[in-house]
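Below: one structure, written as structure tokens.
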There are 2 protein chains.
Amino acid sequence: MSQTASIKDVANHAQVAVGTVSNVLNYPDRVSQRTKERVLKSIAELGFVRNDAARQLRAGQSRTIGLIVLDVGNPFFSSVARAAEDAATALGSVVLVGDSGQDASREAHYMDLFQEQRVQGLLISPVGDVSARIDTLRERGVPTVLVDELADTDRCSSVSVDDQEGGYLAARHLLDLGRRRLAFVGTPSIRQVSSRLEGAQRAVAEVPDATIEVLDSAGQTVLAGRQVGNALVERDPGERPEAVFCSNDLLALGVMQSLTMLRTLRIPDDIALIGYDDIDFAISAVVPLSSIRQPTEALGRTAIELLAEEQESNGTKHRTVVFTPELVVRQSTAGSPN
Amino acid sequence: MSQTASIKDVANHAQVAVGTVSNVLNYPDRVSQRTKERVLKSIAELGFVRNDAARQLRAGQSRTIGLIVLDVGNPFFSSVARAAEDAATALGSVVLVGDSGQDASREAHYMDLFQEQRVQGLLISPVGDVSARIDTLRERGVPTVLVDELADTDRCSSVSVDDQEGGYLAARHLLDLGRRRLAFVGTPSIRQVSSRLEGAQRAVAEVPDATIEVLDSAGQTVLAGRQVGNALVERDPGERPEAVFCSNDLLALGVMQSLTMLRTLRIPDDIALIGYDDIDFAISAVVPLSSIRQPTEALGRTAIELLAEEQESNGTKHRTVVFTPELVVRQSTAGSPN
DNA sequence: ACTCGTCTTTGAATCGTTTCATTTGTTACG
DNA sequence: CGTAACAAATGAAACGATTCAAAGACGAGT
């Protein structure tokens, strides 16, 4: 009683064979009412709990799905993760979340871990180049779905949002306000960020005299944004951009903190500011933050769907889903004269 | 090659016994240089990856620690979770995070799941009354540490923050500003919330003429805060409280959104506002939000430490750690005349 | 040549489940 | 009464790792 009872203990206690106990658990219809009751009673009395490791070992696969995100502290990813968890739960699976923190070695660590766990499948927002590993995984029967990243081959499924389009929407919006000297804040070494930058540059190229400078931030966090903001504040007023596009809302909130610290600088009048992701906190910022909204729930849900399709087709059928982002205008870019 | 290789395959390929392969993996010193090299080569060639299920089955225990939180979307919990993960990683363990969403049945679901997984231990911010289940778990050798909750018995360890004190600090601060008609926003059915309320009431009782009314919110989210805020806005100005204490920052941000929507109402002049948790987003709110800071990293780290102590002592040694919260004053309660 | 000690290697047993071919039990029908 | 048809229960084998007692290899010492 002190240690955990096994199925064998239950069988002894209920005076049946182990196979019968297993049947009660997995195929109740195969067992007669009388024995079923007896077995269930024994299970309750002994406090028997299935040993998942043994189950998995026999089954050769776990009921677990691995999810590797770039930063769980970022509401964008926690929202995606939540949606994926809900969708997986409905299918009787569990989602294991790993946080790579945009570090390729941590990413590799989680991939190793998930492989040892024999996960059903892997959802990943990659940091480094993981295509080789994904190929290996597929060979081994572990389907993978890229999340928030477009599959560049037709060898795996992916669900993403059109980052170029999002970047274009943001920059276009700033240009429509009449701003010409734009700045982009982010770490372009991240694929999503560089795509957003490309989109922004495309918009800028469409407008004569418009320019965009790139301010490389040390990460994609509020803190990194604050640092960039401080650098902007220290510039000569004439050297400051008229509008700033941050590659995510955390950065934008950080920039906003710095800019508003200097009481003479007004948002959006002196500098218009737009972020990306439209996290819940964007609306309640000092100056409610304009942003580009991404359908996080759809991303998470679809990722699980695609994984299920991969499994059903034994990893032969791949699909690519691309959502379109949406501009959300708030006060931080509210109509200044044009 | 297509399917995953087992230790037996490696043994065949390297012309050694399975035990030797296992030794190469677990006790490299016991194996001669020559064979070690040969085995490692085979492992690489076959792409062998340990099967964790088999390992666990043999070991009788996993390297996993279960963590059940009330809401992963809340930065307070995601921060605690992150700290716990980091601390666990250092010990070679993995943290599985379950989100109860303040729902007792989901909480029970995760407890079942973790028990089936034979987790090393359980960290939990309980919703319902879980003491009976915790007793059962301890009997089965699964140590449990209560997180953000004071253990009411000496039968298990716990790490928490003094919520009464935090509530007292918040209310005291509002009273020190000269406010007398206070309001408390939150769902007192949650233990932490009711403790914070008690602390606030204690502070109020110390000041003649001071009152505090309780506004029950539908949850602890930004949305729920917005609803309460709307209700406040609709009141006659004379009926509105002079200061509002929200049981967490999400609620406070929601209330702030509603209040600032009505352009004539000023924070802190007309209504002072203070939250709880001091999440990163508090500082960048419309009006930077005063709050009560809790040491989230210390909570997560300590939780893992306590769990380790429980394991070492075989669940006989329990310890209770209580941290003290800290008042952070920002503009939302900035000095109005007293 | 023989024994002893040390270092390597071996391989059967084990963990707790599921599966499935077999056996046992029961009922119905000619 | 014999037997076919079906339902229920059985228990050995398998999953893939770790463990550990035992066997094997080898050199040193006498």
Side-chain angles (χ1 to χ4, degrees), chain A residues 3-40 42-43 46-64 92 112-113 115-120 140-141, chain B residues 3-40 42-43 46-64 92 112-113 115-120 140-141:
Chain A
Q3 283 308 315
T4 324
S6 79
I7 209 174
K8 205 178 278 180
D9 300 324
V10 174
N12 286 339
H13 189 271
Q15 305 267 47
V16 295
V18 288
T20 304
V21 178
S22 176
N23 282 334
V24 170
L25 262 27
N26 301 296
Y27 306 93
D29 297 345
R30 293 189 191 163
V31 184
S32 72
Q33 192 62 28
R34 264 172 44 84
T35 43
K36 202 188 310 184
E37 278 167 13
R38 201 144 40 89
V39 169
L40 289 174
S42 297
I43 287 178
L46 298 177
F48 166 76
V49 177
R50 259 196 183 94
N51 183 323
D52 201 51
R55 228 151 112 75
Q56 281 184 207
L57 174 57
R58 184 70 238 261
Q61 229 207 190
S62 72
R63 293 168 306 147
T64 299
D112 291 343
L113 192 71
Q115 218 176 328
E116 288 190 6
Q117 309 250 39
R118 298 293 190 273
V119 293
Q120 275 179 8
R140 305 246 173 90
Chain B
Q3 281 309 314
T4 324
S6 78
I7 208 174
K8 204 178 279 179
D9 299 326
V10 175
N12 286 338
H13 189 270
Q15 305 266 44
V16 295
V18 288
T20 303
V21 178
S22 177
N23 282 334
V24 170
L25 262 27
N26 301 297
Y27 308 94
D29 297 344
R30 292 189 192 162
V31 184
S32 73
Q33 192 62 27
R34 265 173 44 83
T35 43
K36 203 189 307 182
E37 277 168 13
R38 202 144 40 90
V39 170
L40 288 175
S42 296
I43 287 178
L46 299 177
F48 165 77
V49 177
R50 262 195 182 94
N51 183 324
D52 201 51
R55 231 153 110 75
Q56 281 183 208
L57 174 58
R58 183 71 235 264
Q61 229 207 188
S62 74
R63 293 168 305 147
T64 300
D112 290 343
L113 192 71
Q115 219 175 329
E116 288 189 7
Q117 309 250 41
R118 298 293 190 270
V119 292
Q120 274 180 8
R140 306 245 175 92

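A distance-only check finds no donor-acceptor pair linking the side chain of A:Arg140 to the backbone of A:Gln115 [under 3.5 Å].
Contacts of A:Ser22 with the nucleic acid, taken as non-hydrogen atoms under 4.0 Å apart, include base atoms. In this structure, A:Val31 reaches the sugar-phosphate backbone alone: every heavy-atom distance under 4.0 Å involves primed, P, OP1 or OP2 atoms, never a base. At a threshold of 4.0 angstrom between heavy atoms, the contacts of A:Asp52 with the nucleic acid are absent.
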Could you pull out all donor-acceptor pairs under 3.5 Å where a side-chain atom in residues 55-62 of chain A meets a protein atom, sequence neighbours excluded?
residue : atom : partner  : partner atom : Å
A:Ser62 : OG   : A:Thr64  : N            : 3.2
A:Ser62 : OG   : A:Arg118 : O            : 3.2

Which donor-acceptor pairs under 3.5 Å do the side chains of residues 9-16 of chain B make with protein atoms, sequence neighbours left out?
residue : atom : partner : partner atom : Å
B:Asp9  : OD2  : B:Ser6  : N            : 2.9
B:His13 : ND1  : B:Ser42 : OG           : 2.8
B:His13 : NE2  : B:Glu45 : OE1          : 3.3

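Note on residues 24-35 of chain A: no pairs pass salt bridge (Lys or Arg N to Asp or Glu O under 4.0 Å), not counting sequence neighbours.
Atoms CD (A:Gln56) and P (D:dA17) sit 14 Å apart, rounded to a whole Å. Computed from coordinates, the A:Glu37 CD to D:dA9 C1' distance equals 17 Å when rounded to whole Å. Rounded to whole Å, atom P of D:dA17 lies 13 Å from atom CD of A:Gln115. Distance A:Gln33 CD to D:dA7 P: 16 Å, rounded to the nearest Å. In this structure, A:Ile7 atom CD1 and D:dT10 atom P are separated by 13 Å, rounded to whole Å. Rounded to a whole Å, the CZ atom of A:Arg34 is 13 Å from the C1' atom of D:dA9.
Applying the side chain to side chain donor-acceptor pair (under 3.5 Å) criterion to B:Asn51, with sequence neighbours excluded, gives no partner residue. Taking the side chain to side chain donor-acceptor pair (under 3.5 Å) definition, one finds that A:Arg63 meets it with A:Asp52, sequence neighbours left out.
Between B:Lys36 and B:Arg118, the residue anchored closer to the 5' end of DNA chain C is B:Lys36, taking for each the nucleotide with the nearest heavy atom.
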Using nucleotides 11-15 of chain D, report all nitrogen or oxygen pairs with the protein that are shorter than 3.5 Å.
none

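Interatomic distance, A:Ile43 CD1 to A:Ile7 CD1, rounded to the nearest 0.5 Å: 7.5 Å. Atom CZ in A:Arg50 sits 8.0 Å away from atom OG in A:Ser22 (nearest 0.5 Å).
Of all non-hydrogen atoms in A:Phe48 and A:Leu25, the two that sit nearest each other are CE2-CD2, 3.7 Å.
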What string of B, S and - do you get for nucleotides 23-28 of chain D 5' to 3' if you count protein non-hydrogen atoms under 4.0 Å? ------
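Computed from C1' positions of five pairs at each end, the angle between the two local axes of the helix from C:dA1-D:dT30 to C:dG30-D:dC1 equals 70°, rounded to 10 degrees.
In 5' to 3' order, the nucleotides of DNA chain C bounding all contacts with chain A (an atom under 4.0 Å from a heavy atom) are C:dG16 to C:dT19.
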